[in-house]
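Hydrogens, waters and symmetry mates are skipped; everything else that's a heavy atom, side chains included, is used. Owing to the predicted nature of the structure, the values given are computational and were not obtained by experimental measurement.
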Amino acid sequence: MKILIVGASGMIGGEALIQCLSHPSISTVVAFVRREIPADVSTHPKLECVLVKDFAIWPENVLQMHADAAAMIWAMGTYTGSLAADLDYPLAFLTSMARVLVETNLDRPRFRYIHLSGKFVRQDQGEKLWWGHKPRKIKGLLETKALAFAESYANVWETFILKPGGVVSKRLMDGGVLGILTAIGTVLGENWSVRLEELGAFMVYLAIDGRGEDHVVENARIVRGGRVLLESQKDGSDS
């Protein structure tokens, strides 16, 4: 099984990449990157890195080489709200990849697009927000468009929107103030925060299968599902 990924140089995308590479069902991971990823990962025999100059342009010949991929994990995004990175880039991939899938007409399961969004993102463009107006609404617009796109191409495409709360890194305080707020979220419960490993495991699970899951996945489901997946991996390694 081949999995595509964008955002592998970031904290969450990097965790998804590591878990993809270690999963026995995945034979190839193709990371579309702007810069080289760490050497301890880039030399992995399952990994292929493709340098991309502009994520708004997806050459057809490049995508045709990977039309046999099962899924894309999209973990690129900004905290400030960028029309390019948070909206235009993923939409460019959606339209370009779907075109290739329709043209190749392979007898295969639907392509799964897993998009990393956030708990506080809002699809309602008219909603009055007291903070984070720009990033929350730009990302919300992407959610709306990506879900509608999947409906329009339901024979070849499936979209999953992940909406985690605070993501707890392996070194909790690495994020400064953000790390402190996230730590508070861990006390408040599974509706507010998720461990990085849990999120990564759940993203990979959706890329591999995802049958029966809602297309918009909230934090609590990510936490519960991620814990079960990690426990099953641990049990498998112990046996």
Side-chain angles (χ1 to χ4, degrees), residues 1-23 25-33 47 50 55 58 63 66-77 85-87 89-98 100-101 108-119 121 123 139-151 153-154 156-165 167 194-226 228-230:
M1 179 181 291
K2 178 189 290 185
I3 302 296
L4 313 180
I5 186 168
V6 165
S9 60
M11 180 182 76
I12 297 174
E15 177 67 21
L17 172 62
I18 290 170
Q19 295 210 30
C20 279
L21 293 172
S22 65
H23 201 288
S25 297
I26 298 174
S27 57
T28 305
V29 182
V30 182
F32 295 96
V33 297
L47 180 62
V50 178
F55 282 98
W58 292 85
L63 294 180
H66 304 297
D68 58 337
M72 161 64 86
I73 295 175
W74 192 283
M76 174 194 286
D86 296 323
L87 183 65
Y89 293 169
L91 289 179
F93 172 78
L94 264 64
T95 54
S96 299
M97 188 66 179
V100 168
L101 293 174
R108 48 160 293 163
R110 289 184 294 175
F111 184 84
R112 293 178 292 281
Y113 175 77
I114 295 91
H115 187 89
L116 178 65
S117 187
K119 180 177 180 64
V121 169
Q123 294 183 18
K139 294 179 181 184
L141 183 58
L142 183 280
E143 288 185 6
T144 300
K145 289 182 176 292
L147 292 168
F149 184 88
E151 291 184 2
Y153 289 87
V156 297
W157 198 273
E158 191 169 15
T159 290
F160 293 97
I161 304 292
L162 286 174
K163 297 174 73 68
V167 179
V194 58
R195 289 195 299 123
L196 178 61
E197 301 96 314
E198 294 166 349
L199 177 55
F202 198 81
M203 294 173 85
V204 174
Y205 152 69
L206 289 179
I208 293 173
D209 187 354
R211 282 176 293 182
E213 294 292 340
D214 292 337
H215 290 116
V216 177
V217 188
E218 300 291 346
N219 192 84
R221 172 60 189 140
I222 299 170
V223 170
R224 292 193 295 268
V228 171
L229 291 163
L230 292 173

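Between the NE2 atom in His115 and the CE atom in Met76 there is a gap of 10.5 Å [rounded to 0.5 Å]. With rounding to the nearest 0.5 angstrom, the CG atom of Leu21 is 11.0 Å from the OG atom of Ser27. From Trp74, atom CH2 reaches atom CZ of Phe55 across 6.5 Å, with rounding to the nearest 0.5 Å. Atom CD1 of Ile18 and atom NE2 of His23 lie 15.0 Å apart (nearest 0.5 Å). If you take CG on Leu116 and CD1 on Ile73, they are separated by 10.0 Å, rounding to the nearest 0.5 Å. Note that CZ of Arg112 is 6.5 Å distant from CG of Asp209, once rounded to the nearest 0.5 Å.
The closest side-chain heavy-atom distance from Phe202 to Val194 is not below 4.5 Å. Contact annotation: the side chain of Leu162 approaches that of Ile114 to within less than 4.5 Å [non-hydrogen atoms, C-beta and beyond]. Using a 4.5 Å heavy-atom threshold, the side chains of Glu15 and Gln19 count as touching. No side-chain heavy atom of Val204 sits under 4.5 Å from any side-chain heavy atom of Leu229. A 4.5 Å side-chain heavy-atom check between Leu196 and Ile12 finds at least one atom pair inside the cut-off. Between Phe111 and Leu4, some side-chain heavy-atom pair lies under the 4.5 Å cut-off.
A donor-acceptor contact shorter than 3.5 Å links the side chain of Thr95 to the backbone of Ala92. Side-chain atoms of Arg195 never come within 3.5 Å of backbone atoms of Gly226 as a donor-acceptor pair (strictly under, hydrogens ignored). At distances below 3.5 Å, not a single donor-acceptor pair connects side-chain atoms of Arg110 with backbone N or O atoms of Tyr153.
Across all their heavy atoms, Leu47 and Ala31 have their closest contact at CD1-CB, 4.0 Å. Here the closest non-hydrogen pair linking Ile222 and Lys163 is CD1-N, 4.1 Å. Ser25 approaches Met1 most closely through the heavy-atom pair O-CB, 3.2 Å. Annotation for Ile161 and Ala146: closest pair CD1-CB, 4.3 Å, computed over non-hydrogen atoms. Summarising the geometry of Val121 relative to Lys139, their closest heavy-atom pair is CG1-C, 3.5 Å, with the distance given to 0.1 Å. Closest of all the heavy-atom pairs between Gly13 and Ile5 is O-CD1, 3.4 Å.
The aromatic rings of Phe32 and His66 sit perpendicular to each other, their planes meeting at more than 60°, with 30° as the lower class boundary. Using bins of under 30°, 30° to 60° and over 60° for the plane-to-plane angle, the ring pair Phe160/His215 lands in the tilted bin. Phe149 and Trp157 have perpendicular rings, their planes meeting at more than 60° on a 0 to 90° scale where under 30° would count as parallel.
By the side-chain hydrogen bond (donor to acceptor under 3.5 Å, both in side chains) test, Glu213 pairs with Tyr205, Arg221, sequence neighbours left out. Applying the side chain to side chain contact (heavy atoms under 4.5 Å, CB included) criterion to Lys145, with sequence neighbours excluded, gives Leu87, Leu91, Leu141.
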